[in-house]
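Below is one structure, written out as structure tokens, with a few remarks after it.
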Protein chains: 4
Amino acid sequence: MTDLKKMTRAEQKARRPVQILDAAFEEFVERGYVATRVEDIASRVGVTKGTVYVYFENKEQLFEAMIRHISGPLENLLASANELKGTATERLQQNIDLIYDLIIRDRKLRELMRFVIAEGTRFPQIVDRHHDIFIDPLERQMQSLIDEGVKLGEFRQAPAAFCDAVVAPAIAFLFFKLLFDERRTLDKASYVKAHIDLVLHGLVERHPG
Amino acid sequence: MTDLKKMTRAEQKARRPVQILDAAFEEFVERGYVATRVEDIASRVGVTKGTVYVYFENKEQLFEAMIRHISGPLENLLASANELKGTATERLQQNIDLIYDLIIRDRKLRELMRFVIAEGTRFPQIVDRHHDIFIDPLERQMQSLIDEGVKLGEFRQAPAAFCDAVVAPAIAFLFFKLLFDERRTLDKASYVKAHIDLVLHGLVERHPG
Amino acid sequence: MTDLKKMTRAEQKARRPVQILDAAFEEFVERGYVATRVEDIASRVGVTKGTVYVYFENKEQLFEAMIRHISGPLENLLASANELKGTATERLQQNIDLIYDLIIRDRKLRELMRFVIAEGTRFPQIVDRHHDIFIDPLERQMQSLIDEGVKLGEFRQAPAAFCDAVVAPAIAFLFFKLLFDERRTLDKASYVKAHIDLVLHGLVERHPG
Amino acid sequence: MTDLKKMTRAEQKARRPVQILDAAFEEFVERGYVATRVEDIASRVGVTKGTVYVYFENKEQLFEAMIRHISGPLENLLASANELKGTATERLQQNIDLIYDLIIRDRKLRELMRFVIAEGTRFPQIVDRHHDIFIDPLERQMQSLIDEGVKLGEFRQAPAAFCDAVVAPAIAFLFFKLLFDERRTLDKASYVKAHIDLVLHGLVERHPG
DNA sequence: GATGAATGAGCGTTCATTCAT
DNA sequence: TATGAATGAACGCTCATTCAT
């Protein structure tokens, strides 16, 4: 029992940095880098100012650590997409679905985007990082899906940058959610449906023959 | 010559507020609301701190005035699109082209988006304002273009929210430009081409007959 | 008619300094020297800041001029007391009455006292001035009245500083009025009656024989 | 010795608020509320600006706390007067003596009066507070002394508000001390003597028989 | 490790004062 | 004489950071 308690206490301590990073995330999201007070982060964890400085050099490095903390788990974000089965069309649909799920489920992913835009000037690394771990994989994956579809004869030969256009509605959706989430409701289902429908069929009437 | 000087003097005075608003725009873009110093705005204009307070109550109202200043001209942004000629397809293409031109030409439009994301919590009005003067008109216009195309038999009947998906790549483009503009190059031409191609034809191979 | 108007206009201008001094009095009373803004004084007159500086070197000298302006008329404050008729006792009573009338009627006299207390450290001259034009004459006059009464056999021989004690209730009344006027009501009639009664008879029961 | 040091350290901390309040008193007395700089209060204690804000919300609340700090001890000011012995006349004399002692000894009491006059508009509470803890008790006590004297047949039946007049010279003395203390000398002994003499005997010659 | 008192640089804001018109 | 735009010194207040405990 003593062991258990010690363990727990030790664990508690081991968790401190993570607790602080989580608290930092919430505060930085709410107020932005400059307006966030180290003290508010601390009291969210239930410790005092000084404690934050035990674990982090300063506010700047705390912010950067927080960015790494929330963006680390994103690295394998799209892993599940590799296991999709079915025709290229089916996999494309499923993949788009997965992306929306991800966007809706993962608040950290969304807020990371806010940081990129709001603090990108102050912390240029996060701009690149975000591109490398999210935007780029997203497009690569979509591109390879398209390529497969073309190879399989399901998709027509698409022009360069086509995958950008294919992915774009999801990215726009992410921004809408970021922007208007708490002020307007977004109908995910019909948005996704429209997206997939557009991607698959375009707008022009097909004239048989 | 006396006239010129008098003009210049009087004009100088009349221009002060606008000068300050322009300077404020640049500083707020660069550093965000909180980190921007009123003094820096002033010295960008070539005056001292106190002068800013001759024209604006405080930093907050200066920011809000700046938002109004840059978003006012946006109100007729999409007016030119109403004069498009040709088939629905042609007009759709031209309209998309116009949107990209706008996005590329109008830095203030782009940076407004940054403010919406970065300062939306602090200044909730700008979130709604931006939706009302940009997002909403954009979608309405696209929707009516689509409706016409459907009526003319050029476009197929599209599901609800389709216009969101049609517009989305342009919005994503805006964000990319905002995010990566100075760090990566975006190939506008091929992006637009892909966008239009997607919208018109979708991705699925058309099987004749 | 032109003359009249010109006169009037000229008079207006001649009055400017006085207008400003009157306005200054009100503002300084309301907020004290430091917290009063020159601009508020100006707008009370209906002119702008700069105009005040046409007539007065700076805020400090404006304040001093204002003090002179309101305390000048006080110099003959007690003149009327010299014309009192009747027995010493009657004149003493009348004099005390006059003092209370003065205190109640002359707001400037009262507020001058506030300046002396509130700004005496900043403007030491007004302390002396106030003593010289108000406190001192008040006591001298009372002393000479007492002396006459003694000489006439109406008053008993009083100890030194007796006149201080005789005058004191009126001075205390002034302070009460200054302090509590707008928050409590002071019953002047009974206060004066008690004052005169005290001065004439004291408190000890007189045992005949 | 370790104890001493520990004590000193801990005590130092506990004393900070009081040190600051005492320093604030001196500064506010010297310059008035508006002209006093928080930094001057701080350096009087030997700390920096920021430290003051560790203990007090802002300048306004510091001032109010200072008023409470100096006026709290005044609440039992007149307690000792309740233990006076002797005839009513003797007790009246002793009480008057006590009041002057109080006025002369207690600088804070005197300066509180200055705050009431100088800052009463800005801080209306202190006007009432001062009335409640000083003026009112003073008069009540004097009134009950007079009532006893009357009952005992030592004093004659006095008109209403008589106690005001009886107390007034002491209050006027307080103001004189406040006003002229450092510029003129007040002869307390003869002032008190005259006061008591006036109160007991009045001015009118007593005609035997 | 944790605390929180203390620091001090920094910024928003005010306002007396000046001066060109 | 009157204006009011502009100045700049000053001050209230905040907060990241330090350090003795």
Side-chain angles (χ1 to χ4, degrees), chain A residues 9-10 12-14 16-17 34-43 45-62, chain B residues 5-6 9-10 12-14 16-17 34-42 45-60 62, chain C residues 9-10 12-14 16-17 34-43 45-62, chain D residues 5-6 9-10 12-14 16-17 34-42 45-60 62:
Chain A
R9 214 175 271 171
Q12 285 289 59
K13 281 191 182 177
R16 268 290 126 87
V34 185
T36 292
R37 292 152 21 106
V38 173
E39 190 160 16
D40 287 343
I41 295 171
S43 56
V45 180
V47 298
T48 58
K49 238 173 359 181
T51 306
V52 174
Y53 286 89
V54 170
Y55 297 97
F56 301 92
E57 278 283 304
N58 52 37
K59 189 178 167 183
E60 197 173 325
Q61 293 191 22
L62 170 57
Chain B
K5 236 182 179 173
K6 269 183 189 169
R9 262 282 186 187
Q12 193 76 333
K13 223 169 259 191
R16 268 290 125 86
V34 185
T36 292
R37 294 158 8 111
V38 172
E39 193 159 13
D40 287 343
I41 294 171
V45 180
V47 296
T48 59
K49 231 173 2 177
T51 304
V52 174
Y53 287 91
V54 171
Y55 297 94
F56 301 93
E57 281 279 306
N58 51 40
K59 190 178 167 182
E60 194 173 329
L62 171 56
Chain C
R9 214 175 273 171
Q12 285 289 56
K13 282 192 179 175
R16 267 290 125 85
V34 185
T36 292
R37 294 153 18 108
V38 173
E39 191 161 15
D40 286 343
I41 294 172
S43 57
V45 180
V47 298
T48 58
K49 237 174 355 184
T51 306
V52 175
Y53 285 90
V54 171
Y55 296 97
F56 302 93
E57 279 282 304
N58 52 38
K59 190 179 168 182
E60 197 173 326
Q61 292 192 23
L62 171 57
Chain D
K5 235 179 178 175
K6 270 182 187 169
R9 257 293 179 186
Q12 194 76 333
K13 224 168 258 192
R16 268 290 125 86
V34 185
T36 293
R37 294 156 10 110
V38 173
E39 191 159 16
D40 287 342
I41 294 172
V45 180
V47 297
T48 60
K49 227 171 9 175
T51 305
V52 174
Y53 287 92
V54 172
Y55 297 95
F56 300 93
E57 281 281 304
N58 51 39
K59 189 178 166 182
E60 196 173 328
L62 172 56

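Note that the structure is a prediction, hence the values are computed from the model and not measured. Side chains included, hydrogens not; waters and symmetry mates left out as well; all remaining heavy atoms used. Order of the sequence lines sets the chain letters (A, B, ...), proteins ahead of strands, with each chain counted from 1.
- In this structure, OH of C:Y55 is placed 20 Å from C1' of E:dA16, rounded to the nearest angstrom.
- For D:Y53, no side-chain nitrogen or oxygen approaches OP1 or OP2 of E:dA6 to under 4.0 Å.
- Separation of atoms OG1 (C:T48) and CD (C:E39) is listed at 8.5 Å; rounding is to 0.5 Å.
- A:Y53 approaches A:N58 most closely through the heavy-atom pair CE2-CA, 3.9 Å.
- With DNA chain E read from its 5' end, the first of the two nearest nucleotides for C:A35 and A:V54 is the one closest to A:V54.
- An OP1 or OP2 oxygen of F:dT7 is reached within less than 4.0 angstrom by a side-chain nitrogen or oxygen of B:T51.
- The nearest whole Å value for the distance from the CD atom in A:E39 to the C1' atom in E:dA2 is 14 Å.
- A donor-acceptor contact under 3.5 Å is formed by the side chain of D:K49 with the base of E:dG10.
- Closest-nucleotide positions on DNA chain E for B:T36 and D:T48 were compared, and the one nearer the 5' end corresponds to D:T48.
- In this structure, the CG atom of A:D40 is 8 Å from the P atom of F:dC15, given to the nearest Å.
- Contact detail for D:P17 and D:Y55: the closest heavy-atom pair is CG-CD2, 3.8 Å.
- Map C:V52 and B:V47 each onto its nearest nucleotide of DNA chain F; the residue landing nearer the 5' end is C:V52.
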As a check on the pairing definition, encode DNA chain E in dot-bracket form, counting Watson-Crick and G-U wobble pairs whose two distances are under 3.5 Å, and using | for partners outside this strand.
.||||||||||||||||||||
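- Among all heavy-atom pairs drawn from D:R16 and D:V45, the shortest one is NE-CG1, 4.1 Å.
- With sequence neighbours excluded, the residues that form a side-chain contact (heavy atoms from CB on, under 4.5 Å) with D:V34 are C:V34, C:A35, D:R122.
- In this structure, B:L62 atom CG and E:dC11 atom P are separated by 16 Å, rounded to whole Å.
- Spacing between atom CZ of C:R37 and atom P of E:dT14 amounts to 9 Å, rounded to whole angstrom units.
- Taking A:D40 as the reference, A:R37 meet the side chain to side chain donor-acceptor pair (under 3.5 Å) condition, with sequence neighbours excluded.
- Residue order along DNA chain F, read from the 5' end via each residue's closest nucleotide, puts B:G50 first among A:V38 and B:G50.
- Between the NZ atom of D:K49 and the OG1 atom of D:T51 there is a distance of 11.5 Å, given to the nearest 0.5 Å.
- When rounded to the nearest whole Å, the span between CD of D:E60 and P of F:dC11 equals 19 Å.
- Among the heavy atoms of the strands, none lies under 4.0 Å from D:F56.
- Separating the NZ atom of D:K59 from the P atom of E:dT13 is a distance of 18 Å, rounded to the nearest angstrom.
- In this entry the distance linking CG of D:N58 with P of F:dC11 reads 17 Å, nearest Å.
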